[in-house]
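Numbers restart at 1 for each chain; the letters A, B, ... are given by sequence-line order, proteins then strands. Everything numeric in this text was worked out from a predicted model, so none of it was measured.
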Amino acid sequence: MTVDFVKISEKWQKRWERDKIFQVDAGDLEDRNKFFITAAFPYLNGVLHAGHLRTFTIPEVVARYQRMKGKRVLWTMGYHVSGTPILGLAELIKKRDEKTLKAYNKLHKIPMEELLKLDNPEAIVEYFSKRATRAFKKMGFSFDWRRNFTTNDETFKKFVEWQFLRLKERGYIKKGSHPVRYCPSCDNPVEDHDLLEGENATLVEYIVIKFKGKIELDGREEECIIPMATLRPETVFGVVNAWVNPEGKYLIVKVYREVDEEGNLEYSGIWIVSEEAAEKLRNQGRVVEVIKEIRGEELVGKTVINPVNNREVPIYPARFVDTSIGTGFVMSVPAHAPYDYVALRDYYRSIDRELKEEDLIPLIKLENYGKYPAKEIVERMDIRSQEEREKLEEATAKIYREEYHKGILNENCNRYRGIPVREAKEVIIKDLLERGIGEILYEFSEPNVICRCGSRCIVKLVKGQWFITYSDEEWKKLAHKCVDKMEFIPESLRKEFHNKIDWMKDKACARRRGLGTRLPFDRKWVIESLSDSTIYMAYYTIGKIINVYNIGAEQLIPQLFDYIFYSKGDIEELSKITEIPKELIEEMRREFLYFYPLDWRCSAKDLISNHLTFMIFNHVALFPEEFWPRGIVVNGYVTIEGKKLSKSKGPLLPMEEVAERYGPDVGRFYISTCAELPHDADIKFMEMEKVKDNLERFYQFAQEVADVSPEDIDYRDLSTIDKWLLHRLHKSIKLADESYNTFQLRKVGVLFYQLFNHLKWYRRRGGDNKKLLRLVAETWAKILAPITPHLSEEIWELFGKEGYISLETFPVAEERYIDETLELGEEFLASTLEDIRRIVEIAKIKPKRIYLYTADPWKYKVLEILNENRDKSVKELIPIIMKNEEFRRYGKEVVRLVRELMEIGVKPVIDEGEILKNSKALIEREFGCEVIINGEDKKNKKRQAIPYRVAIYLE
RNA sequence: GCAGGGGUUGUCGAGCCUGGCCAAAGACGCAGGACUUAGAAUCCUGUCCCAUAGGGGUUCGGGGGUUCAAAUCCCCCCCCCUGCACCA
């Protein structure tokens with residue numbers, strides 16, 4: 001039999017839409033039996049794919065489940081189109097970029113003639129919105145479509161404007177400057193995907209320590225600053241000399257620092273820096289005037305004064321100094337930096353001096369090392385000269401790591417003595433900056449960061465940038481509080497969110513280009529795309545009214561949102577100003593009050609450190625505690641046959657294709673059960689085919705029992721195996737219920753497969769109660785309905801039921817049918833069968849008669865005692881049993897029995913004789929011979945029997 | 001480097017929190033058998049190694065420890081994945 005899943009799904013999708021069964025409105029505010037679940041909406045620069053399918057199917061299934069649990073479920077979807085990628089895509093299509101056209105034609109399955117029309121952002125937004133909607137509908141998503149929107153809708157933008165006005169009012173928006181990756185030739189910040197090379201480079205913060213020196217200018221000796229850039233500012237206490245590259249080009253410059261947004265300058269003195277460093281300073285908020293150019297060697301032999309301890313140290317030459325890194329000067333800490341140690345030793349040798357321990361200044365105590373860790377490791381690794389770069393890198397990394405984690409500053413570090421390095425570092429940086437002897441200089445962690453245009457990127461400090469002040473400590477406290485109160489699946493996320501909140505810095509929230517909302521208080525800027533999507537779940541609640549009644553953007557003034565979200569203001573007046581009828585304003589307010597807060601937010605892993613964290617921050621900033629989000633669910637990624645998804649290179653697997661090729665139910669079942677929630681799911685097409693087979697089997701099973709009535713099953717009339725099946729059914733309901741509640745959809749899948757095994761066993765045991773089987777089919781159609789709604793509806797109709805199964809009540813597990821001893825009995829029987837089979841095989845006997853013996857009664861009594869003392873150990877149990885005279889005469893046999901029973905597991909005593917008698921025919925059938933239960937004791941076998949393991953003799 | 005997750009038997013993947021019924025669920029794959037004109041489907045059986053009576057041996061990244069008992073608890077190490085932002 002083949003089932004046309006696509007045809008079935010189309011039939012039901014049409015009916016659902018016709019009857020609007022998934023539209024939902026706010027109910028009684030006094031009885032908020034609601035469930036509000038959302039997923040992070042998709043960014044529409046392509047079609048929806050397998051990754052979306054997974055992330056959205058999870059809440060979709062749970063939404064359907066909760067609907068069947070009688071909740072008023074708000075579940076819908078918006079589309080994200082803000083930012084630059086859609087702009088970029090439009091440009092590429094306009095340019096007829098071959099790679100892009102190919103990818104969108106082949107992978108996104110867009111016909112070429114359609115594709116060529118998508119040469120402007122508006123067309124792209126429209127096209128992909130339509131495609132996304134079509135894909136969702138084909139997969140049977142149960143959205144309330146009236147609430148759908150895109151982030152480029154004028155009405156939505158009004159909502160975002162309100163958000164930013166209120167954030168600013170609360171002091172969470174400020175202006176400042178920040179470092180960005182920048183291309184000097186494109187004169188623009190460079191995004192990740194615009195990089196040719198250096199995607200992994202990060203921004204690192206060097207601390208520039210301003211050593212004081214003297215330089216001759218126009219015949220006069222002038223005070224100057226020779227800045228040392230370092231990543232280990234804590235080692236400044238151990239500086240014994242400075243390094244300069246003798247062949248390097250250096251500049252004597254006057255430095256002015258920008259001190260405010262207006263560009264006011266503050267004179268910072270005469271500096272000597274490498275030519276490259278001068279350029280960096282220019283890009284990073286300083287004005288640099290060149291006085292004179294010199295070569296590094298001119299500085300060799302001069303001295304500088306360490307600003308932290310006023311120690312005067314000489315400048316020596318070193319070839320390892322790279323003038324393009326830092327300032328072109330390096331402070332030398334030979335006690336703790338292998339490079340410095342080796343270079344200093346080399347230099348001393350060149351002037352016929354020997355480097356002695358007294359020449360070094362140790363500043364970090366480190367266990368397993370002496371006073372001079374750098375010296376030790378250099379000697380241990382036998383590093384001969386500063387040319388042995390690889391070894392030196394290794395030594396440096398090792399020392400750095402160990403010192404950072406285990407080192408403690410010593411008495412040379414004056415007031416920082418006794419503080420572990422990892423703690424001291426931050427404090428020292430702060431102090432250096434505050435005292436004006438340190439400044440920050442940004443660098444890339446890798447030398448080559450190349451823009452798509454071929455130029456080398458620089459770090460540029462952008463001025464006048466708008467920030468959201470996520471670094472705000474008070475704000476963070478609120479966010480932490482929210483996290484403490486929330487639920488997370490998996491639970492480990494809680495810790496991760498706490499970490500992320502701690503680590504949050506201010507975020508630039510506006511850009512010069514891209515789709516989206518303009519900052520209401522500075523219209524030159526467009527709100528950055530991650531920042532306009534942090535509280536849009538609230539918009540879902542009111543979007544219905546806006547869409548249905550065609551409310552215009554100009555009507556959505558900030559005061560209106562204040563009224564809806566805060567109950568602030570006068571409704572009469574608002575209604576007059578906005579020209580929105582009072583009732584509609586009230587309805588918006590009620591929708592919000594009814595559905596908020598959000599019960600669950602679902603997303604894939606990638607949004608943890610940005611979107612999901614921002615969502616928490618923005619909610620706690622803008623809404624009272626009762627409206628903070630209640631839970632977050634995060635799922636793993638999707639791969640296809642082991643390969644990562646890629647919108648440009650494939651594989652991609654559009655959602656629509658899944659619906660068309662396999663049918664939505666197959667796709668939904670597979671994607672929600674193929675991996676545990678937090679794990680990555682690997683789509684294998686062969687397995688998807690198998691899912692199809694299994695769903696067909698289920699449908700077939702349903703058809704077999706379609707003509708039976710499940711009414712009036714009398715429990716008392718049921719056979720043991722019937723009762724067992726009923727027990728299994730109710731246990732499955734119970735487990736499915738728990739699984740749905742905790743988003744463990746894979747478990748529902750496993751239960752479904754178990755159903756087949758149960759049915760197999762039921763039939764093998766001679767079970768054939770049609771009414772009962774019909775009940776099983778009906779119940780399972782409901783259990784599966786959230787996952788395979790179309791098939792379930794089809795079966796529901798087949799069973800002659802009125803209405804939609806999607807709106808039915810989820811089955812309720814009834815404890816009175818759950819009886820674990822039934823299960824134990826069947827397990828006992830199965831293991832008995834298996835034991836017989838094994839003996840037959842190993843002994844290579846074709847038995848004529850099978851003798852089965854259950855254990856002697858006293859053994860069951862022992863088992864009972866074990867059951868009563870489950871918490872006791874073997875040692876404790878023996879004396880308890882031996883207290884009884886009856887057992888004492890069995891002596892050592894008791895001890896052996898206890899050990900054996902512990903091995904099998906302590907289970908309740910069941911009537912094994914009865915079970916065997918009951919299934920005698922089955923055993924005889926399976927082995928084709930006579931079975932004798934507890935008959936004549938052949939070969940003294942009977943005494944081998946223990947509870948749950950019969951003695952067997954084959955003849 | 002920091003943070004989070006992970007390493008299980010042919011594959012995928014449970015189990016680990018709450019130690020013992022764990023040679024370790026389930027699915028898939030593979031093999032044998034039944035049914036069938038044949039195939040598909042279905043059903044039965046097997047799938048770490050050894051074994052002519054239900055047994056024994058070696059396994060859960062590596063090493064060490066706790067315990068009568070460890071895939072499960074503790075310590076150390078190795079390896080893999082993800083994030084570290086202004087980008088969706």
Across the strands shown, which category fits A:His679 at heavy-atom distances under 4.0 angstrom: base, sugar-phosphate, nothing?
sugar-phosphate
From the list B:C28, B:A53, B:A85, which nucleotide is the closest neighbour of the side chain of A:Asn694?
B:C28
Pair A:Asp835 + A:Arg838: basic N to acidic O under 4.0 Å:
no
Does a side-chain N or O of A:Lys644 approach OP1 or OP2 of B:U82 to a distance below 4.0 Å, or not?
yes
Sugar-phosphate, base or nothing in reach of A:Lys495, heavy atoms under 4.0 Å:
sugar-phosphate
How would you label the contact of A:Asp682 with the nucleic acid (heavy atoms, under 4.0 Å): base, sugar-phosphate, or nothing?
nothing
Describe the nucleic acid contact of A:Tyr953 in one word from base, sugar-phosphate, nothing, applying a heavy-atom distance below 4.0 Å.
base
Between B:A40 and B:A34 - P atom distance, rounded Å:
15 Å
Can you check ring-ring contact (aromatic ring centres under 6.0 Å, His included) on A:Tyr953 and A:Tyr853, steps first, answer last?
CA-CA 9 Å; A:Tyr953 179 74; A:Tyr853 310 95; 7.9 Å; no
Regarding A:Asp502, tell me which of base, sugar-phosphate or nothing describes its non-hydrogen contacts under 4.0 Å with the strands shown.
nothing
Between A:Asp680 and A:Lys605, is there a side-chain N and carboxylate O pair less than 4.0 Å apart?
yes
With a non-hydrogen cut-off below 4.0 angstrom, is A:Arg949 in contact with a base, only sugar-phosphate, or nothing?
base
Name the nucleic acid region contacted by A:Lys939, choosing base, sugar-phosphate or nothing; use a 4.0 angstrom heavy-atom cut-off, strictly under.
nothing
Between B:G54, B:C86, B:G26, which nucleotide gets closest to the side-chain atoms of A:Asp835?
B:G54
Quick one: which of B:C12, B:G4, B:A14 gets closest to the side chain of A:Lys684?
B:C12
Salt-bridge contact A:Lys507-A:Glu528 (side-chain N to carboxylate O under 4.0 Å):
yes
Geometric cation-pi criterion, A:Arg697 with A:Phe756: 6.0 Å, 45°
yes
Give the nucleotide from the list B:C28, B:C43, B:A53 with an atom nearest to the side chain of A:Glu687.
B:C28
Measure from the side chain of A:Arg746, starting at C-beta and using heavy atoms only, and say which of B:A27, B:G13, B:C86 lies closest.
B:G13
Regarding A:Met504, tell me which of base, sugar-phosphate or nothing describes its non-hydrogen contacts under 4.0 Å with the strands shown.
base
Which nucleotide in the set B:A53, B:A88, B:U42 lies at the smallest distance from any side-chain heavy atom of A:Lys941?
B:A53
Counting any heavy atom closer than 4.0 Å, what does A:Val950 reach on the DNA or RNA strands: base, sugar-phosphate only, or nothing?
base
Name the nucleic acid region contacted by A:Lys690, choosing base, sugar-phosphate or nothing; use a 4.0 angstrom heavy-atom cut-off, strictly under.
sugar-phosphate
I want to verify a distance call: between B:A88, B:C43, B:G4, whose nearest atom is closest to the A:Lys760 side chain?
B:C43
When the nearest nucleotide of RNA chain B is assigned to A:Asn499 and to A:Trp761 on a heavy-atom basis, which residue is associated with the more 5' position?
A:Asn499
Given the P atoms of B:G39 and B:A71, what is the spacing between them in whole Å?
45 Å
A:Glu676 has an atom CD; how far is it from atom P of B:A25, in whole Å?
16 Å
The residue, A:Ala510 or A:Gln944, whose nearest nucleotide of RNA chain B is more 5′ is A:Gln944
Would you call A:Lys747 and A:Glu738 a salt bridge, taking side-chain N to carboxylate O under 4.0 Å as the test?
no
Of the listed B:G83, B:G54, B:C44, the closest approach to the A:Lys500 side chain comes from B:G83
Counting the atoms with a prime plus P, OP1 and OP2 as sugar-phosphate, which does A:Leu607 contact under 4.0 Å by heavy atoms, base, sugar-phosphate, or nothing?
nothing
For nucleotides B:U59 and B:C35, find the distance between their P atoms and express it as a whole number of Å.
43 Å
Quick check for you: among B:A85, B:A88, B:A27, whose closest atom lies nearest to any side-chain atom of A:Phe614?
B:A85
With rounding to whole Å, what would you report as the distance between B:A25 and B:U72 at their C1' atoms?
16 Å
Students often get this wrong, so: under 4.0 angstrom with heavy atoms, is A:Ala675 touching a base, only sugar-phosphate, or nothing?
nothing
